Amino acid sequence: MDNGKPICFPAVLRSTWFGLNKIFRNKLKSLSITPVQYTVLRCLIESGEEGLNQTELADVIFSNKNNTSSILRRMEKNGYILRTQASYDQRENIISATSRGKSLFKSAQKQAIDVRGEVFSFLSPEDEINFCRSLQKINSKLKKLQN
């Protein structure tokens with residue numbers, strides 16, 4: 001309860017997400033990249049040199065294949081990503097970040113770190129870790145409930 005009123009988890013979560021996304025989007029404006037493009041680049045870079053196929057990428061960014069496809073078209077047009085045919089299946093493309101995409105990611109990552117620092121500034125490092133772990137546990141539970 002907060003000020004005598006029950007906390008409405010879905011509303012608080014949605015409001016928090018929209019607030020974070022808006023702040024991050026505004027910080028990224030000068031770099032000409034969106035938060036979702038940043039997320040795609042982060043996931044591709046974290047995946048290593050082998051890259052990801054579109055289905056894998058859609059899974060790690062919590063999107064579907066159709067939405068991911070339109071994001072990737074824009075990113076490819078801007079030179080942030082490269083699609084190459086998979087050696088194991090000619091119907092499959094492997095997506096990787098280009099050097100331009102990696103450079104853009106590094107600049108955007110500085111903004112992401114700034115936003116995270118501002119948002120968590122009122123928490124101790126331990127509380128921040130516990131909060132993130134709690135979100136991971138919730139996410140794991142949600143995945144189990146979806147299956």
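This structure is a prediction, so every number in the text was calculated from the model and none was measured. All residue numbers refer to positions in the sequence shown, counting from 1.
Side chain of Ser103 to main chain of Ser99: no donor-acceptor pair is present (N/O by atom type, distance under 3.5 Å, no hydrogens or angles). Formation of a donor-acceptor pair under 3.5 Å by the Ser15 side chain with backbone atoms of Ala11 is not found in this model.
Rounding to the nearest 0.5 Å gives a distance of 5.0 Å between CD of Glu46 and CZ of Arg42. Rounding to the nearest 0.5 Å places CZ of Phe9 at 13.5 Å from CZ of Arg14. Rounding to the nearest 0.5 Å places OG of Ser63 at 5.0 Å from CD1 of Ile71.
Residues Ile94 and Leu72 are members of separate hydrophobic clusters, defined by side-chain heavy-atom contacts under 4.5 angstrom among Ile, Leu, Val, Met, Phe, Trp and Tyr. In the hydrophobic clustering of this structure, Phe122 groups with Leu135; members are Ile, Leu, Val, Met, Phe, Trp, Tyr whose side-chain heavy atoms approach within less than 4.5 Å, directly or through other members. Linking ILVMFWY residues whenever their side-chain heavy atoms come closer than 4.5 Å, directly or via other members, places Leu44 and Phe105 in the same cluster. Both Leu20 and Leu31 belong to a common hydrophobic cluster when Ile, Leu, Val, Met, Phe, Trp and Tyr are linked at side-chain heavy-atom distances under 4.5 angstrom.
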Report task. Evaluate the side-chain contact (heavy atoms from CB on, under 4.5 Å) criterion for residues Glu56 and Asn53: first the C-alpha distance (whole Å), next the side-chain angles of each, then the deciding distance (0.1 Å), finally the verdict. Result -> CA-CA 5 Å; Glu56 292 167 331; Asn53 67 38; 3.3 Å; yes

Query - Asn67 vs Asn64, side-chain contact (heavy atoms from CB on, under 4.5 Å): CA-CA, chis, key distance, verdict - result: CA-CA 6 Å; Asn67 286 343; Asn64 63 51; 3.4 Å; yes

Report task. Please step through side-chain contact (heavy atoms from CB on, under 4.5 Å) for the pair Val40 and Ile61, ending with a clear verdict. Result -> CA-CA 7 Å; Val40 167; Ile61 67 169; 4.0 Å; yes

Requested in this report: Apply side-chain contact (heavy atoms from CB on, under 4.5 Å) to the pair Asn139 and Phe62, showing each step before the final yes or no.
Outcome: CA-CA 11 Å; Asn139 195 31; Phe62 300 96; 3.7 Å; yes

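Nearest approach of Leu28 to Gln111, heavy atoms of both residues: CD2-CB, 4.1 Å. Of all non-hydrogen atoms in Arg100 and Asn78, the two that sit nearest each other are NH1-O, 2.6 Å. Here the shortest heavy-atom pairing between Phe120 and Cys132 reads CZ-SG, 4.3 Å. Lys65 and Ala58 make their closest contact through N-CB, 4.1 Å (heavy atoms, listed as atom of the first residue, atom of the second, distance). Across every non-hydrogen atom of Glu76 and Ile81, the tightest pair is N-CG1, 3.6 Å. Across Glu92 and Gln54, no two heavy atoms sit closer than the pair OE2-N, 4.1 Å.
Within the 4.5 Å cutoff, side-chain heavy atoms of Leu41 are placed close to those of Met75. Taking 4.5 Å as the limit, some side-chain heavy atom of Leu82 sits within range of a side-chain heavy atom of Thr98. Using a 4.5 Å heavy-atom cutoff, the side chains of Glu128 and Arg116 are in contact. A 4.5 Å side-chain heavy-atom check between Arg74 and Gln37 finds at least one atom pair inside the cut-off. Put simply, the side chain of Glu49 does not reach to within 4.5 Å of the side chain of Ser96, judged on heavy atoms.
Heavy-atom contacts from other residues, nucleotides or ligands closer than 6.0 Å to CD of Glu50 number more than 12.
Between Tyr38 and Phe24, the two ring planes are perpendicular [angle over 60°; tilted spans 30° to 60°].
Lys27 and Glu118 are joined by a salt bridge, as a carboxylate oxygen and a charged side-chain nitrogen come within less than 4.0 angstrom of each other.
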